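Written out below as structure tokens is the structure these notes cover.
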Amino acid sequence: MTWLDIAADDPFGVHNLPYGAFDPGDGSSRLGVRIGDRVLDLAALERTGLVEADGTLQAATLNPFMALGRTCWSAVRERLTELLTDTAFRAPVERLLLPLAEVTPRLPFDVGDYVDFYSSEDHATNLGKLFRPGSPPLLPNWKHLPIGYHGRAGTVVVSGTDVVRPCGQRKPPQAEVPTFGPSQRLDIEAEVGFVVGAASSLGTPLTTKDFQDHVFGVVLVNDWSARDLQAWEYQPLGPFLGKSFATSVSAWVVPLDALAAARVPAPAQSPPVLPYLADDRTGYDIHIEVVWNGTVVSRPPFASLYWTPAQQLAHLTVNGASVRPGDLYASGTVSGPERGQVGSFIELTWGGAEPVTLADGRTRTFLEDGDTVTLTATAPGPAGTVVGFGEVVGRILPPST
Ligand SMILES: O=C(O)/C=C/C(=O)CC(=O)CC(=O)O
Ligand SMILES: [Ca+2]
Ligand SMILES: [Mg+2]
């Protein structure tokens, strides 16, 4: 039990302790750990000598700390738990707690490379039907490898950042030539992101067993997608400007250690995968909620994903490509089999053909200017607790002229 005055069922209790970066009000970026509705100033804590992490907690982002590797992550997490539970430490630690409401979240890590996968069978099937009607929805490679593409690391933004509606080329199927203008089919993708901590060596692939030692933690991701731009540009090289304008991540990186109780068996795979992709089928029971202008429109179940994050890591390094601290790889859109479980609005409204009605009585197909989308998620924690992921929220601004 923590000495802090927080409810036993608080999703940000001592069983969670997610890391982030925050601006205390002076324009700087400082590392912190969230506990309840407060943030513990890790830079100041390290300077007191109560925690030791080679000075890495003085940095503006988590990258130097994440580079230290799992032994250090576990030691610091254990020490933080001790400091927040043993009343002997209450006096020196309590002084370093700030109300969450008084700080501004910053991007918690410098994003190295950003990869986005496509690992939900339901999502891939739905998108196949919508983008390629008349063809088999799953391409022949889909069950043999986790399909992915490299996204744009420099436009990954922290939750709360507004998203300007992108402009670009689009060509409806019946049109003869493309036109240019603001996207008319602006969409979201609800995803879970994995943040690499420990680097690997160029030329040496990681195995599925290396996942625990290289992945530091988990964030929520909204991979904003302009479907009209995407549909016209994506063949043959894959997503480009239809997705690179912005990708939002949640402010708090939930340590992998906080998700031990959320492990569930991932779906069985058939046909069998090649040996380098064989894994112990560890999935995570993360329950996502998609909230559109205040209305919950969907509840995507992460546990349903066909490809696990361990397989994704093994696949993305199997050619010898290395990973670095701050690399981010996202699961791909999380969709379950039901309409109320899909992770994108193109699926929710079936290509815009079936509008949804929000709580304010207004209908929607794709995003309108001024709309706000919030993704939240929880997972089971130890001893009946709940692990919170916070939220990733973004509001759509009109296109720049
Ligand atoms: O099937 C397609 O052509 C396109 C699929 C996507 O847009 C999905 C994507 O970005 C990967 C994912 O999030 O699952
Ligand atoms: Ca995506
Ligand atoms: Mg994106």
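Numbering of ligands and ligand atoms starts at 1, following listing order. We number each residue from 1, following the sequence as shown. Just so you know, these numbers come straight off a predicted model, no measurement behind them.
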| message | Taking the basic N atoms (NZ, or NE/NH1/NH2) and the acidic carboxylate oxygens, is any pair closer than 4.0 Å for D280 and K209? | response | no

| query | Ion pair present between K243 and D116, side-chain N to carboxylate O less than 4.0 angstrom? | reply | no

Near [X], which atoms of ligand 1 are under 4.0 Å from a heavy atom of that residue?
{"X": "F117", "answer": "11 (C), 12 (C), 13 (O), 14 (O)"}
{"X": "D116", "answer": "10 (O), 11 (C), 13 (O)"}
{"X": "G332", "answer": "12 (C), 13 (O), 14 (O)"}
{"X": "D223", "answer": "10 (O)"}
{"X": "E191", "answer": "13 (O)"}

Among all the protein's non-hydrogen atoms, which is closest to [atom], and how far away is it?
{"atom": "atom 4 (C) of ligand 1", "value": "Q230 NE2, 3.3 Å"}
{"atom": "atom 10 (O) of ligand 1", "value": "K243 NZ, 2.7 Å"}
{"atom": "atom 14 (O) of ligand 1", "value": "T333 N, 2.9 Å"}
{"atom": "atom 1 (O) of ligand 1", "value": "Y118 OH, 2.4 Å"}
{"atom": "atom 3 (O) of ligand 1", "value": "R132 NH1, 2.9 Å"}

Restricting to N, O or S atoms of [X], which is nearest to the Ca ion (ligand 2)?
{"X": "D116", "result": "OD2"}
{"X": "D223", "result": "OD2"}
{"X": "E191", "result": "OE2"}
{"X": "E189", "result": "OE1"}

| request: Have a look at Y234 and tell me which of F240, F131, Y118 forms a ring pair (Phe, Tyr, Trp, His ring centres under 6.0 Å) with it. | output: F131

| Residues K143, E121; criterion salt bridge (charged side-chain N to carboxylate O under 4.0 Å, His left out); working and verdict | CA-CA 9 Å; K143 291 213 165 173; E121 186 168 358; 3.1 Å; yes

Going by atom types only, do [X] and [Y] share a side-chain donor-acceptor pair under 3.5 Å?
{"X": "Q184", "Y": "R165", "answer": "no"}
{"X": "E233", "Y": "Q169", "answer": "no"}
{"X": "S183", "Y": "D228", "answer": "yes"}
{"X": "D26", "Y": "S28", "answer": "yes"}

| query | Does E189 reach ligand 1 with a nitrogen or oxygen that is under 3.5 Å from one of the ligand's nitrogen or oxygen atoms? | reply | yes

| task | Indicate, as side chain, backbone, both or neither, the part of R227 found under 4.0 angstrom from ligand 1 when only non-hydrogen atoms are considered. | result | side chain

| query | Under the salt bridge (charged side-chain N to carboxylate O under 4.0 Å, His left out) criterion, do E347 and K129 qualify, and how do the steps go? | reply | CA-CA 10 Å; E347 293 167 272; K129 288 178 185 164; over 6 Å; no

| message | Against the six-membered ring of F22, is R34 placed for a cation-pi contact (under 6.0 Å from the centre, within 45° of the normal)? | response | no

